[in-house]
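In listed order, ligands and their atoms are each counted from 1.
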Amino acid sequence: MSKNFQQQAEALREKIRHHEHLYYVLDAPQISDAEFDELVNRLKALENEHPEMVTPDSPTQRVGGRPAEGFQKVPHSRSMLSLDNAYSEAELRDWDRRVHELAGDGAGKVEYVCELKLDGLSLALWYRKRMLARGLTRGDGAIGEDVTTNVRTIRSVPLSIKKNGLPADFEVRGEVVMPIAAFQKMNDEREEQGLARFANPRNSAAGTIRTLEPNIVAQRPLMFFSYFAYTADGADLFDKHWDALEALAGAGFKVNPNRKLCKTVDQVWAVIQQWEEERDALPYEIDGIVIKVNATRLQRELGFTGKAPRWAIAYKYAARAGETVIEDILVQVGRTGKLTPVAALKPVHIGGTTVSRATLHNMDEIERLGVKIGDWVVVERGGDVIPKVVRVLDDKKHPRGTKKFHMPAKCPECGGHVVRVEGEADHRCVNAACPAKARLSVLHFASRGVMNIEGMGDALVEQFAATGLVKDIADIFDISEDKLLTLERMGKKSAQNLLEQIAKAKSAPLERVIFGLGIRMVGERTAQLLAEHFGSMDKLMAAGTEQLMEVEGVGPNVAAGVREFFDEPKNVKLVERLRKAGLTMKGEARKRGTKLADKTFVITGTLPSYSRDEAKRLIEDAGGKVSGSVSKKTDYVLAGSDPGSKLDKARELKVEVIDEAALKRMIGL
Ligand SMILES: [Zn+2]
């Protein structure tokens, strides 16, 4: 029986690893997300029955306990050095000349490997007995921080590898990056939740890897690209750097495919120029090209100059910035009614495109920059599609502007009142029927990740608004084929396709419907929590502020956003029309038991078979509550191995301490 289980579980794990590799490493999935989830759920079910047989490298074990007291400092096997930079062709050729001089006899055979310089955070991963044992940040280069629990959640990092070209103990170094699309989505969500935006994908990757919540890390799609392979003591593993990259890829690591072996500096220069042109097409940010001497023996001969190796150089692309004049400051109205000040610029060429608009985000940002209409400013283009103003130029050559910008008191789209809620950075149009809001809310509703109505993009929604065919999200479900055919450039086939897509949207689950309503402060994750907690639209609509705040992760701002939305009779009517159209208004409510009713738990340390999240869910499903800190109100402290200071606190306050087995008995598992 147990042997049978082990075989079944291992077969499932192998299958899941295979598909993780296809999806996260090779970007070539062969099964749907739903099929993948199904495999994981089957494995979880098996493992829940036999928790003693869970292996640490099981795909279910990516999210574990959180680091108890910050991150431990650990010395690197060999220094994690930063590279010298080259900013021009001349500097690159100088470096090449020095390499050839120092190489002496072997000079004719010098080969270079060119790799994209990813704009992320460097990590060192230690594998012991073919299992991921440790993940370290660069730190000061000599000593890094142990971020293993967070690194484990990155799906392109294998938790274990097969016998495959690498020894049992080895080290991999590489870069963790956040894709631009994920970065933008995260920033939009943060904005909706009233949180500050991250400045760029690098900051958000770095901030994510250093958060103390592995759950949060697991939700953010970080990618890890490997580019060095060493022995466990930090010695070279291969004679050629190129072979190291090939071996890493062969062992299941993600290695950037845009690498090139070059025999001459001219070839290197061609690679640099090519990617300067094409960098915008990449899904992540790069800021240059790294050039390394291919032969590791020659690398050792060349050695180091003070802090940086002589055998590698980073060619850095010029920052994509330009100087221009702000001719005017306009205001754009967003889906939530947010008014965004946008600088209208004298057109300027930056990194191959003409830029004539740049965002100024909000009034706080305008005040921080001290920007006025007529000012000369520096504009930068980064991962964000919209360029931004980074600073005002103030010198003899650049006279200051004189006209101050004021946020209009009336919405430029509809003339509705504009308010700035106390404590918020943003101004908003309060008119629920504001056409700008309506247009953008229809676009949001139809978008991927919400109702997923393919073919309903910008242009069509614009046409809908202009013809009055769709004025709000409920109108979408009243569209007929005849009416669609009255639109310009709309053929019979595409009309039918669109109607099919719309019909399909009716079966989207409750959380999508809630998300699709475009309630202020309610992003994808919050919508899911609300759907799970209330189980139906009716219960959500009836919930008061206090009931809303009982939902984990819902604070006063979100609760106010939800109430504000449903207190508006027009919005209630809108929901009724969606209900009539046949949209999902009920979800699967979490069934709550009563075995732990009114009991408050605090979880500390690593539990033998459940992650903290799973334990929390078990407790909540049985009617209990989980709190973050121990107080006199705590009924039980659930402690695993390596408990933190919470256990001391529990003893001090004489709170009963239980283990996982005791919890299982309490809830009858
Ligand atoms: Zn308006």
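The ring-ring contact (aromatic ring centres under 6.0 Å, His included) test applied to His417 returns no partner, not counting sequence neighbours.
Applying the 6.0 Å contact sphere to NZ of Lys580 captures no more than 12 heavy atoms from other residues, nucleotides or ligands.
For Ser156 (side chain) and Phe224 (main-chain N/O), a donor-acceptor pair under 3.5 Å exists by modelled atom type. At distances below 3.5 Å, not a single donor-acceptor pair connects side-chain atoms of Gln496 with backbone N or O atoms of Lys493. For Arg279 (side chain) and Asp287 (main-chain N/O), no donor-acceptor pair under 3.5 Å exists by modelled atom type.
Distances under 2.8 Å from the Zn ion (ligand 1) pick out the protein N/O/S atoms Cys411 SG, Cys414 SG, Cys429 SG, Cys434 SG.
Among all heavy-atom pairs drawn from Asp538 and Arg579, the shortest one is OD1-NH2, 2.6 Å.
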